[in-house]
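Inspection log for the structure reproduced underneath, given as C-alpha cells.
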Amino acid sequence: MAETGSLRQERLRKLEILEGRGIEPYPSSFRTTAEISEIVDRFSSLAPGARTGARPRLAGRITAIRRMGRATFLDLRQGEAKIQGYANQDGLAERYELLELLDIGDFLGVEGEVFKTQRGELSVDLASFTLLAKALRPPPEKWHGLRDVEIRYRQRYLDLLANEEVRRTFVTRSRIITAMRAFLDSRGFLEVETPILQPLYGGASARPFETYHHALGQRMFLRISDELYLKRLIVGGYPRVYEIGKDFRNEGISTEHNPEFTVMECYQAFADYHDIMDLAEELISSVARGVLGRTEIAYQGEEIDLAPPWRRVTLREAILEGTGLDIREERTKEALEREARRLGLRLEPQPTWGKAVDKLLSEFVQPKLIQPTFVLDYPVEISPLAKRKASDPSLAERFELFIGGLEMGNAFSELNDPLDQAARFQQQEEQRRLGDEETQVLDEDFLISLEHGMPPTGGLGIGVDRLVMLLTDARSIRDVILFPTLRAPR
RNA sequence: GGGCCGUUAGCUCAGUGGUAGAGCACCUGCCUUUUAAGCAGGGAGUCGCAGGUUCGAUUCCUGCACGGCUCACCA
C-alpha cells in the first residue's frame with residue numbers, strides 16, 4: 001500500500017502537535033450516555049431553532065467538517081445514524097483552536113446540548129470534545145463515493161464507509177442468514193458443525209483444495225460439500241440436521257462463483273424430494289418475507305414472485321422445451337451431440353452422456369428460468385448420491401432449483417441403499433476414466449455408515465451467496481461476499 | 001487458461017508524440033446557525049511496471065502485473 005504522501009504527512013503533523021499538548025490521540029475509552037441514533041429518533045421532529053436541555057455524551061466518526069472562522073460544524077456518524085456537531089469560540093474558549101487538528105475520519109467523543117439550527121439540522125452544541133482515534137489516511141471522496149472495484153474489494157472497509165448501498169447489502173445478508181436459521185430451528189432442525197478439514201473430500205463433483213497436516217503427517221482437503229458428514233448424523237439418529245458454512249472448490253472464479261462460498265445444507269429423515277421441494281419453497285419465501293417484507297422482488301430488471309407454489313418440471317421436459325431435444329430418445333453421448341448439432345445448438349463435446357445433458361440444461365435452459373423453477377428427475381449418471389426413481393431406475397429423485405437464471409439449490413431423496421451407493425461410486429470411477437475430472441471419490445467410511453442403516457431422507461443444499469444476490473439484486477457474487485477471493489498483489 | 005477492455009493526484013475523472021489538468025480532499029487567509037458552506041491564494045503525480053520505436057513516449061508497439069467483462073468448469 002503506497003503512502004498517500006502529503007495528506008498523510010499533514011495528519012502526522014497534527015498528531016505530533018496533539019501529543020505535544022499532552023493529548024492522547026488513542027485513548028482507551030469514552031463513556032457515552034446515548035447512541036446517535038437514539039438522539040436522532042428522539043429529537044428529529046424538533047422545531048428549527050429549538051433547544052432541548054438534553055446534554056448527552058455521544059461518539060462517532062467525523063465525516064465532514066465545515067469551518068467558518070469562529071464557528072465550526074462537523075458531521076458525526078455512528079453506523080447509519082448521523083448528527084451535526086456545532087462548536088463556537090464562545091462555548092469552547094481556548095479549546096476551540098484544537099478543532100483545527102481534527103480531520104475527516106477521526107473518531108470523536110462530544111458532550112453538549114441537543115438543539116436544532118435555524119435551517120432545521122439536528123445538532124449538538126459542543127461543551128467539550130475528546131479525540132478518540134486519529135485517522136492518518138484520508139477517506140474516499142465524499143461525493144462520488146468509491147468506484148474502483150479493486151479498492152472496493154481489497155479494502156472493503158473503505159467501500160462500506162463510502163457506499164451506503166454496500167453497507168445495506170451486507171446487513172441484508174446477515175438478516176437472510178438469521179432468518180434462515182430461525183426458519184430451520186422452528187422446523188425442528190438441529191444446527192451442527194462438521195469438519196471443514198477432511199482426510200477425503202466428497203458430496204459433490206468438484207476439485208478440492210489440498211493441504212497438509214504436519215503432526216499427523218497426512219494430506220488433508222478443504223471440504224467441497226457438507227453432505228457425507230451430515231448424512232452420517234442422520235445415521236446417528238438425529239432426525240433433522242442442518243449446517244450453514246463454507247465450502248471450497250478449486251475452480252474458476254466468475255460472477256457466480258467464488259472459491260469459498262457459503263452453503264446451507266439440511267437433511268430431514270422420513271422425507272423425500274417432494275417434501276424437500278415444499279421445504280425449499282417455504283424456506284426461501286419466508287426468508288424473503290421476513291427480510292424484505294414481501295415475496296415479489298426485482299432481480300436484474302426481471303420481476304420475480306417467490307410466493308409458493310413454484311413451477312415443477314422434469315429435466316426431460318425442460319430440455320425439450322428449451323432446445324427441442326428429447327434426452328429420452330438420444331440415450332448415447334454420440335446421438336445426443338449429433339442431434340444437438342442438427343438443431344444448431346453450440347454444444348462442446350462432453351466426456352459423457354450425463355455431462356452433455358447437464359450442459360444442455362445449464363447452457364440453453366437455465367438462463368430462461370427466471371421465475372422459481374424446480375427441475376426434477378436427473379439422470380442417475382450425474383446424481384451419484386441420489387436415490388433411483390422407483391418408476392424409472394435410470395432417473396434419480398433429484399431436483400435443482402433455479403431462480404433469476406441462477407442455480408440456487410440442489411436436492412434429492414438421499415440414496416440410502418449401501419450396495420447401490422457402492423455401485424455408484426464404482427460408476428464414478430469409470431466416468432473418471434472417460435475423462436471426467438470431477439467425479440466423486442469412493443468414501444469407504446461413508447459406505448460403512450450406510451450399511452448401519454440410514455432412514456429414507458430428503459436433503460437440500462442452498463447456495464447462500466446466490467440467495468443473497470437474488471434478494472439484494474446483486475449482479476456479481478463478489479458484491480455479496482465481504483472479502484471475495486482475489487489474486488494477491490505482488 | 002483464451003478473448004476483449006481498463007490502470008493518470010488520496011478519491012472521482014478529463015487529456016496529449018513536445019514532458020499533465022478539473023472537481024472533491026489537503027494547506028494558508030477571511031468568515032459565530034453552516035450543510036456538496038462560500039470567497040481568495042497555494043501545494044500535490046515514477047500518467048500500473050519493464051523493454052522497444054522516436055530527437056523526444058504518459059501518449060505508438062511488445063511483454064508483464066493487477067482488475068473487470070466474457071468463454072471454458074461448478075453451488
Side-chain angles (χ1 to χ4, degrees), chain A residues 1-11 13-14 48-49 63-75 82 84-92 96 100 103-105 115-121 123 125 136-154 158 161-162 203-207 224-225 246-265 346 348 350-351 355 358-359 362-363 400-402 406-411 436-438 461-467 469 475-478 484 486-490:
Chain A
M1 192 69 218
E3 296 291 303
T4 56
S6 61
L7 296 182
R8 183 166 180 273
Q9 289 305 319
E10 185 58 37
R11 287 171 181 239
R13 184 182 68 84
K14 292 174 181 172
T63 56
I65 304 178
R66 293 174 291 280
R67 301 182 207 275
M68 305 190 52
R70 281 175 287 279
T72 295
F73 298 87
L74 47 85
D75 291 345
K82 189 192 85 176
Q84 176 171 264
Y86 170 69
N88 63 35
Q89 206 161 40
D90 298 341
L92 290 170
Y96 184 80
E100 290 297 318
D103 284 295
I104 294 171
F115 74 108
K116 217 162 207 182
T117 62
Q118 304 298 341
R119 305 286 281 268
E121 184 77 31
S123 307
D125 190 356
L136 297 182
R137 290 170 187 266
E141 202 233 16
K142 66 176 176 183
W143 194 238
H144 299 92
L146 182 67
R147 298 275 170 75
D148 185 320
V149 289
E150 194 166 348
I151 301 177
R152 287 187 45 222
Y153 296 152
R154 289 193 197 279
L158 295 180
L161 289 172
S205 304
R207 292 174 57 192
I224 58 172
S225 150
K246 290 227 175 136
D247 287 353
F248 306 83
R249 297 191 184 174
N250 209 337
E251 287 159 357
I253 296 176
S254 77
T255 49
E256 291 168 45
H257 301 86
N258 196 61
E260 59 177 296
F261 59 103
T262 301
V263 171
M264 188 290 296
E265 281 194 36
R346 208 172 53 84
E348 310 273 321
Q350 299 294 317
K355 280 270 172 183
D358 208 27
K359 192 74 196 158
S362 58
E363 192 92 349
E400 287 189 301
L401 168 62
F402 299 90
L406 296 171
E407 186 178 341
M408 200 61 68
N410 186 21
D436 185 348
E437 291 178 357
E438 292 176 337
I462 300 258
V464 172
D465 309 290
R466 288 183 184 169
L467 180 60
M469 287 170 69
R475 213 178 82 76
S476 168
I477 199 167
R478 283 181 291 263
L486 295 180
R487 199 184 297 267
R490 294 181 196 175

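Proteins come first, then strands; the chains are lettered A, B, ... in the order of their sequence lines, and each starts at number 1.
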Query raised in the report: A:Phe115 near the nucleic acid: base, sugar-phosphate alone, or nothing, with a heavy-atom cut-off under 4.0 Å?
Result: base
Report task. Output yes when at least one side-chain N/O atom of A:Arg154 is less than 4.0 Å from OP1 or OP2 of B:G67, else no. Result -> yes
Query - Quiz item: A:Glu141 side-chain donor-acceptor pair to B:G23 base, under 3.5 Å - result: yes
Report task. Ignoring backbone atoms, test whether A:Arg119 places a side-chain nitrogen or oxygen under 4.0 Å from the OP1 or OP2 oxygen of B:U33. Result -> no
Query raised in the report: Partners of A:Tyr86 by ring pair (Phe, Tyr, Trp, His ring centres under 6.0 Å), sequence neighbours excluded?
Result: A:Phe73, A:Phe115
Requested in this report: Tell me what A:Thr72 touches on the nucleic acid: a base, only sugar-phosphate, or nothing, going by heavy atoms under 4.0 Å.
Outcome: nothing
Report task. Indicate, yes or no, whether a donor-acceptor pair under 3.5 Å links the base of B:U34 to the side chain of A:Arg66. Result -> yes
Requested in this report: Describe the nucleic acid contact of A:Ile224 in one word from base, sugar-phosphate, nothing, applying a heavy-atom distance below 4.0 Å.
Outcome: nothing
Query raised in the report: Any idea which of B:U34, B:C27, B:A75 is nearest the A:Asp103 side chain?
Result: B:C27
Query raised in the report: OP1 or OP2 of B:A25 sitting under 4.0 Å from any side-chain N/O of A:Lys142?
Result: yes
Report task. Indicate, with a heavy-atom threshold strictly under 4.0 Å, whether A:Arg152 touches base, sugar-phosphate, or nothing. Result -> nothing
Report task. Have a look at A:Gly145 and say if it touches a base, only the backbone sugar-phosphate, or nothing, with a 4.0 Å heavy-atom cut-off. Result -> sugar-phosphate
Query raised in the report: B:C11 phosphate, OP1 or OP2: any side-chain N/O from A:Arg147 under 4.0 angstrom?
Result: no
